[in-house]
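So the structure is just underneath, and the comments pick up after that.
All heavy atoms count here, side chains included; hydrogens, waters and symmetry mates do not.
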Amino acid sequence: MEVATTVQENLSLAGDTAHIPDKCFDQLIKRACRGVLFDADRNAIADDPAFKTVDKAVLKAAYSGVVSLVLEAAKHDMDADGITPLLEECKFTPDRIQGFNNIFLTQKSAIQILLGSIGNSRPHIVDVDWRLDYYIKSNHMERINEAVYLISLKTEVPGKEDLQEVQFTCTLEQLQDLVGKLKDATKCLEKQAQT
């Protein structure tokens, strides 16, 4: 699992005992997991008296890094063996690695259920319009003599009432390639349906 460098930097802050004392670390991980799971706990860390001795900017960055790790680890169904190398790279002590893994792994299934309920459905194509344009010349070239297709896909996006429009242009070769790939995709779906 790879995470952005800013996430690694923020995780390094969370793992550093000089920035996040040991007595606050477990609370930080618990708050991050609860912040992911419950709307009411999203921004509750700023007002938590357990963190009154921690610099607010450091706390915010560390919290951000932990939340990012929690989400990515749940998304990729990581276990302790998969998370530990990243935490070691971010200079976590063995005790903090074990503490993170214990807290996260007990919450992982609930976080995965939440992530699964969010969904990421692609728009469904419900109609297609097209037009053929023929370019004779342009500002840059004297002669082009090329046919260009303007394709407009009408899509239905889950959760929205209005149809969305996706427009693109392509040459005859590009259009033939698109049609070929759509036919291949249809054949793959038919094979999957038969098994």
Do Ile20 and Arg96 come within less than 4.5 Å of each other through their side chains, counting heavy atoms only? yes
Determine whether Gln8 and Leu86 satisfy the following criterion, side chain to side chain contact (heavy atoms under 4.5 Å, CB included), listing intermediate values before the conclusion. CA-CA 8 Å; Gln8 284 185 341; Leu86 175 64; 3.7 Å; yes
Check: Ser12 main-chain N/O paired with Asp16 side-chain donor or acceptor under 3.5 Å: no
Contact check, side chains of Ile111 and Leu37, non-hydrogen atoms, under 4.5 Å: yes
Under-4.0 Å salt bridge between Asp177 and Lys181: yes
Between Val148 and Cys170, is the side chain to side chain contact (heavy atoms under 4.5 Å, CB included) condition met? List the steps. CA-CA 6 Å; Val148 175; Cys170 58; over 6 Å; no
Got a second to check how far Thr17's OG1 is from Lys23's NZ, nearest 0.5 Å? 13.0 Å
Does a side-chain heavy-atom distance below 4.5 Å link Val70 with Phe100? yes
How long is the straight-line distance from CG of Leu115 back to CG of Asp77, given to the nearest 0.5 Å? 11.0 Å
With rounding to the nearest 0.5 Å, note down the distance linking CD1 in Ile103 to CZ in Arg34. 12.5 Å
With a 4.0 Å cut-off on N to O distance, would you call Lys154 and Asp129 a salt bridge? yes
Determine, for Glu190 against Lys187, whether the closest basic-nitrogen to carboxylate-oxygen distance falls under 4.0 angstrom. no
Within-4.5 Å side-chain heavy-atom neighbours: Phe168 and Leu178: yes
So which atom in Ser64 and which in Asn10 form the shortest heavy-atom distance, rounded to 0.1 Å? OG-ND2, 3.8 Å
What closest approach, in Å, do Pro85 and Gly82 show between heavy atoms, and which atom pair accounts for it? CD-O, 3.6 Å
Using the rule given for side-chain hydrogen bond (donor to acceptor under 3.5 Å, both in side chains), can you reason through Glu165 versus Ser152, listing the C-alpha separation, both sets of side-chain angles and the distance that settles it, and then say yes or no? CA-CA 7 Å; Glu165 206 169 310; Ser152 176; 2.9 Å; yes
Got more than 12 heavy atoms from elsewhere within 6.0 Å of NZ, Lys91? no
I want to check something: taking the side chain as every heavy atom from C-beta on, are Glu156 and Ile125 in contact at a cut-off of under 4.5 Å? no
Do Leu87 and Leu69 have side chains that approach each other closer than 4.5 Å (heavy atoms only, starting at C-beta)? yes
Could you check, using the six-membered ring where one of them is a Trp, whether Phe25 and Phe92 have ring centers closer than 6.0 angstrom? yes
Counting distance only, does the side-chain N/O of Arg31 pair as donor-acceptor with the main-chain N or O of Ile45 below 3.5 Å? no
Are Lys108 and Asp79 within salt-bridge range, i.e. N to O under 4.0 Å? no
Counting distance only, does the side-chain N/O of Thr169 pair as donor-acceptor with the main-chain N or O of Leu150 below 3.5 Å? no
Looking at side-chain heavy atoms only, is the closest gap between Arg131 and Asp133 below 4.5 Å? yes
Supply the atom-to-atom distance Gln112 CD to Leu114 CG, rounded to the nearest 0.5 angstrom. 11.0 Å
Non-hydrogen side-chain atoms of Thr84 and Asn101 separated by less than 4.5 Å: yes
Looking at CG of Leu59 and CG of Asp48, how far apart are the two atoms once the value is rounded to the nearest 0.5 Å? 8.5 Å
Flag yes if more than 12 heavy atoms outside Gln167 fall under 6.0 Å of its CD atom; otherwise flag no. yes
